[in-house]
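These figures come from a predicted structure and were not determined experimentally. FYI, side chains are in, hydrogens and waters are out, and symmetry mates aren't considered; it's all heavy atoms of this structure. To find a chain, count down the sequence lines: A is the first, B the second, and so on, and within it residues start at 1.
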2 protein chains.
Amino acid sequence: MTGSTPEGRRKRHLPTADELRLWRDYIETAEILRSELASRLQSESSLSTGDYGVLLALSEARERRMRSSELAAAIGWERSRLSHHLGRMERRGLIRREECVTDSRGAEVVLTPTGADAFRSASIPHLRAIRELFVDALTPEQLVAAGEVAATLRRHLGSPSGA
Amino acid sequence: MTGSTPEGRRKRHLPTADELRLWRDYIETAEILRSELASRLQSESSLSTGDYGVLLALSEARERRMRSSELAAAIGWERSRLSHHLGRMERRGLIRREECVTDSRGAEVVLTPTGADAFRSASIPHLRAIRELFVDALTPEQLVAAGEVAATLRRHLGSPSGA
DNA sequence: GGTACATAATTGACACGTCAATCAGTTGGC
DNA sequence: GCCAACTGATTGACGTGTCAATTATGTACC
């Protein structure tokens with residue numbers, strides 16, 4: 001759209017104004033969506049999306065308990081982040097930490113009844129919100145396209161990159 | 001893709017497993033990208049993306065100064081968020097706050113030479129990173145598709161929604 | 001001109017994230 | 001058995017974000 005020597009800048013140059021606008025649209029839209037979902041979840045359930053992710057992983061775990069590092073891997077968080085977050089969740093009674101029998105360095109994170117209840121009542125409204133704000137907003141073709149874009153971007157991130 | 005009674009669930013139901021996966025891909029990819037860009041900017045320039053946005057807006061402003069609330073509107077931040085952020089940036093000498101002549105409630109935010117330098121040297125590498133991680137990763141068609149997805153999602157967010 | 005209301009901006013409290021440092025316990029080599 | 005290196009997890013410091021309350025002006029209306 002910007003035109004101007006489309007071959008003159010193959011790689012090695014800066015994004016055009018149009019490209020930059022697309023980038024901003026992309027990243028800001030995702031951010032708005034994230035924040036809208038978070039705020040609905042918060043007001044409906046007093047849970048953050050972080051809480052939700054932790055509770056979801058624990059709900060699906062055998063005996064509703066997991067080693068702390070397993071949990072971190074499952075939800076893709078750094079250990080330190082999880083540790084801080086679990087501290088806050090423990091204060092609110094959503095989870096409990098127990099010493100690990102097989103490795104006394106380790107900790108096991110256990111879902112409490114309170115936590116299980118909170119997750120149960122948050123779950124349906126949260127999924128509905130995802131459907132309403134994301135899935136229902138897009139045509140099936142757009143959904144597929146969004147998936148391909150995401151997959152392509154991730155593939156590109158993982159590779160050594162053309163730098 | 002999941003198939004199974006495509007008409008049986010028009011609205012009012014929960015996302016399918018496939019739809020949920022698409023949602024997660026979408027939101028997590030954006031998050032990874034955001035965080036990669038932020039970390040590059042940080043290590044190359046000691047600026048956060050927040051700093052960058054503020055400096056960009058000020059760079060483009062007449063006399064490199066703006067009323068605080070104008071600035072907030074320009075970058076789409078809440079006033080309180082900006083206030084906290086400006087406090088941190090002022091401590092680092094990137095901006096300065098001056099009293100406003102025409103309205104003594106107001107504050108004017110001024111770009112310092114230090115801030116201008118920081119922005120100048122951050123700018124090119126940052127734009128290059130955007131090109132490398134986002135623009136160059138996608139085909140032109142995918143870029144357009146990403147733009148349409150973003151626009152559609154925002155339009156949907158703005159409307160009273162089908163709830 | 002004074003009271004009521006709106007507006008500009010800041011503040012405090014607290015949740016969240018990252019990084020570097022720390023602590024405790026395990027493991028491998030000798 | 002013992003020391004070094006590794007690993008699981010926590011901690012502290014600090015930047016970032018949100019919400020509610022506050023401070024200080026401006027403005028309108030009587």
Side-chain angles (χ1 to χ4, degrees), chain A residues 28 31-32 34-43 45-55 65-110, chain B residues 28 31-32 34-43 45-54 65-110 118:
Chain A
E28 284 168 11
E31 167 58 20
I32 293 171
R34 191 204 54 69
S35 120
E36 175 66 20
L37 256 301
S39 124
R40 292 193 186 198
L41 184 58
Q42 183 67 237
S43 64
S45 324
S46 301
L47 293 179
S48 68
T49 54
D51 298 334
Y52 187 86
V54 168
L55 295 177
R65 64 172 56 223
M66 271 177 121
R67 285 291 293 274
S68 185
S69 43
E70 263 184 285
L71 179 51
I75 60 184
W77 284 10
E78 289 184 15
R79 251 95 107 28
S80 142
R81 178 179 177 187
L82 181 60
S83 201
H84 284 299
H85 204 95
L86 290 179
R88 292 186 294 263
M89 292 182 73
E90 193 165 27
R91 278 208 304 275
R92 294 190 287 148
L94 298 170
I95 57 109
R96 205 161 13 89
R97 281 191 269 207
E98 291 181 1
E99 291 181 3
C100 178
V101 208
T102 66
D103 184 339
S104 15
R105 287 168 304 186
E108 278 201 328
V109 186
V110 188
Chain B
E28 283 167 13
E31 167 59 19
I32 292 171
R34 191 203 55 68
S35 120
E36 176 65 21
L37 257 302
S39 125
R40 291 193 187 197
L41 184 59
Q42 183 68 236
S43 63
S45 324
S46 301
L47 293 179
S48 68
T49 55
D51 299 334
Y52 186 86
V54 168
R65 65 171 56 224
M66 270 177 122
R67 286 290 294 274
S68 184
S69 43
E70 264 184 284
L71 179 51
I75 59 183
W77 283 11
E78 287 185 15
R79 251 95 103 31
S80 141
R81 178 179 176 186
L82 181 61
S83 201
H84 283 299
H85 204 94
L86 290 179
R88 293 185 295 264
M89 292 181 74
E90 194 165 28
R91 279 208 304 275
R92 294 190 288 148
L94 298 170
I95 56 110
R96 207 162 12 90
R97 279 191 272 206
E98 291 181 1
E99 290 181 4
C100 177
V101 207
T102 66
D103 185 338
S104 17
R105 287 170 304 186
E108 279 201 327
V109 186
V110 187

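A:Glu90 and A:Arg96 are not joined by a salt bridge, as no carboxylate oxygen comes within less than 4.0 angstrom of a charged side-chain nitrogen. A salt bridge is defined here as a Lys NZ or Arg NE, NH1 or NH2 lying under 4.0 Å from an Asp or Glu carboxylate O, and A:Glu36 with A:Arg34 fails to meet this definition. Classification of A:Glu78 and A:Arg81 as a salt-bridged pair fails, no side-chain N sitting under 4.0 Å from a carboxylate O. Between A:Asp51 and A:Arg88 there is no salt bridge, since no side-chain nitrogen of the basic residue lies less than 4.0 Å from a carboxylate oxygen of the acidic one.
In this structure a side-chain-to-backbone donor-acceptor pair under 3.5 Å is missing from A:Glu108 to A:Arg65. No side-chain donor-acceptor contact under 3.5 Å links A:Ser45 to the backbone of A:Gln42.
The minimum heavy-atom distance linking B:Leu94 with B:Ala118 is given by the pair CD2-CB, 4.0 Å.
Taking atom CE of residue B:Met89 and atom C1' of nucleotide C:dA9, one finds them 17 Å apart after rounding to whole Å. C:dG17 atom C1' lies 13 Å from atom CD1 of A:Ile75, rounded to whole Å. The distance between atom CD of A:Glu99 and atom P of C:dA24, rounded to the nearest whole Å, is 13 Å. Rounded to a whole Å, the CZ atom of A:Arg105 is 10 Å from the P atom of C:dG25. As a whole-Å value, the separation of B:Glu108 CD from D:dT25 P is 17 Å. Here the P atom of nucleotide C:dT10 and the CG atom of B:Leu86 are 7 Å apart, to the nearest Å. Between the CZ atom of B:Arg67 and the C1' atom of C:dT10 there is a distance of 14 Å, given to the nearest Å.
Put simply, B:Arg79 has a side-chain N or O that comes within less than 4.0 Å of OP1 or OP2 on C:dA8. Note on A:Arg97: a side-chain N or O is less than 4.0 Å away from OP1 or OP2 of D:dT10.
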Problem set entry | Annotated protein contacts, base or backbone, on nucleotides 14-23 of chain D with a non-hydrogen cut-off under 4.0 Å, one of B, S, - each | -SBSBBB---
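Take the nearest nucleotide of DNA chain D for A:Leu82 and for B:Ser104: the residue whose nucleotide is more 5' is A:Leu82.
A:Ser83 comes within 4.0 angstrom of a nucleotide base, judged by non-hydrogen atoms across all strands.
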